[in-house]
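Heavy atoms only: backbone and side chains are in, while hydrogens, waters and symmetry mates are out. Convention: sequence-line order gives letters A, B, ...; per-chain numbering from 1.
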Number of protein chains: 2
Amino acid sequence: MTQGIRAQQREQTRQALVRESRRLFSTLGYGSVGLSEIVHAAGVTKGALYHHFSSKADLFRAVLEQVQQEVAERIAETADAREDTWEQLVSGCRAFLTVSTDPTIQRIMLVDGPAVLGWSEWRAMNETTSGRHLAQVLGDLIDEGVFAAQRVEPLTHLLSGAMNEAALWLATSTDPRNPDDVQDALVSMLESLRVV
Amino acid sequence: MTQGIRAQQREQTRQALVRESRRLFSTLGYGSVGLSEIVHAAGVTKGALYHHFSSKADLFRAVLEQVQQEVAERIAETADAREDTWEQLVSGCRAFLTVSTDPTIQRIMLVDGPAVLGWSEWRAMNETTSGRHLAQVLGDLIDEGVFAAQRVEPLTHLLSGAMNEAALWLATSTDPRNPDDVQDALVSMLESLRVV
DNA sequence: TCCTTCACGTACTGAAGGTACGTCAGTGTT
DNA sequence: AACACTGACGTACCTTCAGTACGTGAAGGA
């Protein structure tokens, strides 16, 4: 069942479009990069772009999916290395702050993402990747009695919001103490929430 | 020292531009509103707009300043009604979640703001209004020993991020329990951070 | 009364997103 | 192997929109 040449080339140009647009979006921002730049960098024309994606925002969506996938994977492999649920939460949160400090990921995932796609769609995408893991772990910890009995959703949004903002702050701040200090503040916040 | 007719009309058109663009930005979003709509709604032309503002983003900045000013005022008058510093923090946070749930404020302040002006400028503007109050109160509480000794900035960003995300979530969620639950979760988070 | 200034309108430009349609290589069929 | 056909992509064009250049008429000082 060898893939036909057509399917190979199709996938190749699609990946080229996603790759180059991701590079441009992350460095210049969604609004400051034109389609002409993207298709030129990818070595194709606008006809190819609109054959694969229905709009500029649709292309951005594909890029964002890829970025979130990578982030979720890197967090998961860090967290899943731990056995204890509590350790998974802490290491996962630390991993998120480390990974998402990368400006490449920053701009696409946290700055342009919500504005281009709208919060509802952004949140939905987030939910299917790293957001689900966080909610899962928090739910487990509540069930285990580590956290006080409460609904998972409010807690999840408070913590994910705190981490998003922290990551954005770290990306633009220069004080070398900040990365460690914000992680410590977050972990001590989590620990203070423990009831056992 | 009566203001001349010139100055009056100038201020009048400027306010009309800010008012109408705020209305349109908040309902349709920055990217989906054209300057032609704005000037038509304000009853002027593009010449007037560019006489007062250097760009579309500059007009948005004026709108954002107005919104943040209002939010900061409403929070301040709620918080300043309390004598105790701790009570100021709690009531201020509750006020923020209440005020910023308004979709009108939402879209401009939390969604488009960072994307249009960039996080650095958005954060700088935030710092001069409500952000400063939060940092002030948190600093006082650390000094009073209510919170453990630590740097103010990391804690400030974690909490403001948590509240921003919570406000955005409340705006799109339908479950009637959410507003109360997320406030309770936030307050219990604050209380768990207390050491005395 | 004249002149200057300034707030604003008019007409235009360049660029960017998006579309209609042509074209040719790849693929299944007989 | 010859055929028709699909689909991936290029080309040319359209529309819209942010931004600019310049004209104009009223306000205000001398």
Asker: Around B:Arg74, counting heavy atoms of other residues, nucleotides and ligands shown, do more than 12 lie under 6.0 Å from its CZ?
Answerer: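 At most 12 heavy atoms, drawn from other residues, nucleotides or ligands, come within 6.0 Å of this atom.
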Asker: Look at A:Arg94 together with A:Asp184 and state whether they make a salt bridge at an N to O cut-off of under 4.0 Å.
Answerer: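 Looking at A:Asp184 together with A:Arg94, the answer is yes, because their closest N to O distance falls below 4.0 Å.
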Asker: Thinking salt bridges, do B:Arg22 and B:Glu70 make one under a 4.0 Å N-O criterion?
Answerer: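 Answer for the salt bridge query: yes.
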Asker: With A:Phe147, which of A:Val152, A:Asp140, A:Val196, A:Leu155 fulfils side-chain contact (heavy atoms from CB on, under 4.5 Å)?
Answerer: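 Only match with A:Phe147 under side-chain contact (heavy atoms from CB on, under 4.5 Å): A:Leu155.
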Asker: N/O contacts under 3.5 Å, protein versus nucleotides 17-21 of chain C?
Answerer:
residue : atom : partner : partner atom : Å
C:dG17  : OP1  : A:Lys56 : NZ           : 2.9
C:dG17  : OP2  : A:Leu35 : N            : 2.8
C:dG17  : N7   : A:Lys46 : NZ           : 3.2
C:dG18  : OP2  : A:Tyr50 : OH           : 2.8
C:dG18  : OP2  : A:Lys56 : N            : 3.1
C:dG18  : O5'  : A:Tyr50 : OH           : 3.4
C:dG18  : N7   : A:Lys46 : NZ           : 2.8
C:dG18  : O6   : A:Lys46 : NZ           : 2.6

Asker: Which pairs pass ring-ring contact (aromatic ring centres under 6.0 Å, His included) with one or both residues in residues 163-196 of chain B, sequence neighbours excluded?
Answerer: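 Non-adjacent pairs meeting ring-ring contact (aromatic ring centres under 6.0 Å, His included): A:His157-B:Trp169.
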Asker: Write down the distance between NE2 (B:His40) and P (C:dC8), rounded to a whole number of angstrom.
Answerer: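 About 18 Å, once rounded to whole Å.
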Asker: Do you see a donor-acceptor pair shorter than 3.5 Å between the side chains of B:Ser192 and A:Ser192?
Answerer: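 Yes, A:Ser192 and B:Ser192 have a side-chain donor paired with an acceptor closer than 3.5 Å.
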Asker: Please enumerate all residues that pass salt bridge (Lys or Arg N to Asp or Glu O under 4.0 Å) together with B:Glu87, with sequence neighbours excluded.
Answerer: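 For B:Glu87 the salt bridge (Lys or Arg N to Asp or Glu O under 4.0 Å) partners, ignoring immediate neighbours, are B:Arg82.
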Asker: I need the CZ-C1' distance between B:Arg10 and C:dC8, as an integer number of Å.
Answerer: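 Answer to the nearest Å: 11 Å.
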Asker: What is the distance, to the nearest angstrom, from the CD atom on A:Glu11 to the P atom on D:dC9?
Answerer: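 Distance check: A:Glu11 CD to D:dC9 P gives 10 Å.
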Asker: What is the distance, rounded to the nearest whole Å, between atom CG of A:Leu49 and atom P of C:dA16?
Answerer: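 Atom-to-atom, A:Leu49 to C:dA16, this comes out as 14 Å.
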Asker: Tell me whether the OP1 or OP2 atom of C:dC8 has a side-chain N or O from B:His52 closer than 4.0 Å.
Answerer: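 The answer is yes; a side-chain N or O of B:His52 sits under 4.0 Å from OP1 or OP2.
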Asker: Can you name the atoms? Protein N/O to nucleotides 25-27 of chain C N/O, anything below 3.5 Å, with the distance.
Answerer:
residue : atom : partner : partner atom : Å
C:dT27  : OP1  : A:Ile5  : N            : 2.8
C:dT27  : OP1  : A:Arg6  : N            : 3.1

Asker: Does anything in residues 177-196 of chain B form a ring-ring contact (aromatic ring centres under 6.0 Å, His included)? List the pairs, not counting sequence neighbours.
Answerer: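 ring-ring contact (aromatic ring centres under 6.0 Å, His included) check on residues 177-196 of chain B returns no pairs.
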Asker: Atom pairs, N/O to N/O, protein against nucleotides 1-4 of chain D, distance under 3.5 Å?
Answerer:
none

Asker: Taking the six-membered ring of B:Tyr30 as reference, does the cationic atom of B:Lys56 (NZ for Lys, CZ for Arg) lie under 6.0 Å from its centre and within 45° of its axis?
Answerer: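 Checked: cation-pi criterion met.
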Asker: Compare the minimum distances between each of D:dG10, D:dA8, C:dA7 and the side chain of B:His51, then state the nucleotide with the smallest one.
Answerer: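 For the B:His51 side chain, the nearest candidate turns out to be C:dA7.
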Asker: Round to the nearest Å and state the distance from B:Gln8 atom CD to D:dA26 atom C1'.
Answerer: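 One finds 15 Å between C1' of D:dA26 and CD of B:Gln8, rounded.
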Asker: Report the distance from atom CD1 of A:Ile38 to atom P of C:dA16, rounded to the nearest whole Å.
Answerer: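 About 11 Å, once rounded to whole Å.
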Asker: Can you hop from B:Leu117 to A:Leu28 via hydrophobic side chains spaced under 4.5 Å?
Answerer: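 Yes.
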Asker: A:Val146 and side-chain contact (heavy atoms from CB on, under 4.5 Å): which partner among A:Leu141, A:Asp84, A:Thr85?
Answerer: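 Answer to the side-chain contact (heavy atoms from CB on, under 4.5 Å) test with A:Val146 among A:Leu141, A:Asp84, A:Thr85: A:Leu141.
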